[in-house]
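Please read the structure below before turning to the comments.
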Amino acid sequence: MANKEALRELQSRLAERLQAARTEARTASWLAVESAGRRFLLPLQDAGEIFPFSSCVSVPHTSPWFLGVANLRGGLHGVVDLAAFLGLKAANVPGADGLREQARLIALNPSLDINCALLVERLAGLRSRDQLQPADDGVDERTVRPGFVGKRLRDAQGRVWQELHLAALAHDEAFLRIVG
């Protein structure tokens, strides 16, 4: 009898944990990352698997922000230094500046039909819509920006995050010229 009771309790706890995980996954909208001292929000539905950065094979005669090609789970992916692509810093391979430990590759979701991974300096967790408010920091929202650059949002600590639309990035002409 005690075994049946323990089994029921276990099943009940598992059901509660599954429900909590489903609810948390629905409320999280972005993967928060940092690169070149800036904070970015990447839509979860467009982000794929996350990998530690180990190395990639360079490709000659490409843009400096295109670091090369890496084998990620048996598939070849172009590796793009996100901060360098955005013009925030000169491209460099992590390691020389001590960032290799925290650097990550974020593969774009396979549904975007492009084998590409973005190099970021650090993961900063998940963010949901209710954790962020539009940033009212004097930046003119009418400023012409690439189509993949979204809203600027502010968290409860006052930090500003820039939303990047990965689906639009995957179709950006400058991006596709090198990666696609």
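As a basis for the values below, the full set of heavy atoms in this structure was taken, side chains included, without hydrogen atoms, waters or symmetry mates.
- Judged by distance alone, the side chain of Ser58 and the main-chain N or O of Gly68 form no donor-acceptor pair under 3.5 Å.
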Practice task
Show your reasoning for whether side-chain contact (heavy atoms from CB on, under 4.5 Å) applies to Cys56 and Phe53.
Solution key: CA-CA 8 Å; Cys56 61; Phe53 180 77; 4.3 Å; yes
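- Residues Arg104 and Pro52 come closest through the heavy atom pair CD-CA, 3.9 Å.
- Legend: residues meeting salt bridge (Lys or Arg N to Asp or Glu O under 4.0 Å) with Glu34, ordered by chain and number and at least two apart, are Arg122.
- By the rule that hydrophobic residues join a cluster once side-chain heavy atoms approach within less than 4.5 Å of another member, Ile114 and Ile50 end up as members of one cluster.
- Side-chain contact check for Lys151 versus Leu41: every heavy-atom pair is 4.5 Å or farther apart.
- Listed for the Asp155 side chain is no donor-acceptor partner under 3.5 Å among the backbone atoms of Gln131.
- The number of heavy-atom neighbours closer than 6.0 Å to CZ of Arg39, taken from other residues, nucleotides and ligands shown, is above 12.
- Cluster membership check: Val57 does not share its hydrophobic cluster with Val79, using side-chain heavy-atom separations under 4.5 Å among Ile, Leu, Val, Met, Phe, Trp and Tyr.
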Problem - Derivation and outcome, side-chain contact (heavy atoms from CB on, under 4.5 Å), residues Leu118 and Leu108 - result: CA-CA 8 Å; Leu118 301 175; Leu108 274 61; 3.8 Å; yes
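- For Asp172, there are no salt bridge (Lys or Arg N to Asp or Glu O under 4.0 Å) partners at least two apart in sequence or on another chain.
- Judged as a salt bridge (charged side-chain N to carboxylate O under 4.0 Å, His left out), the pairs with a partner in residues 40-53 (not counting sequence neighbours) are, in order, Glu49-Arg73.
- Minimum interatomic distance between Leu119 and Ala103 (heavy atoms only, all atoms of both residues): CD1-CB, 4.0 Å.
- Formation of a donor-acceptor pair under 3.5 Å by the Gln162 side chain with backbone atoms of Val149 is not found in this model.
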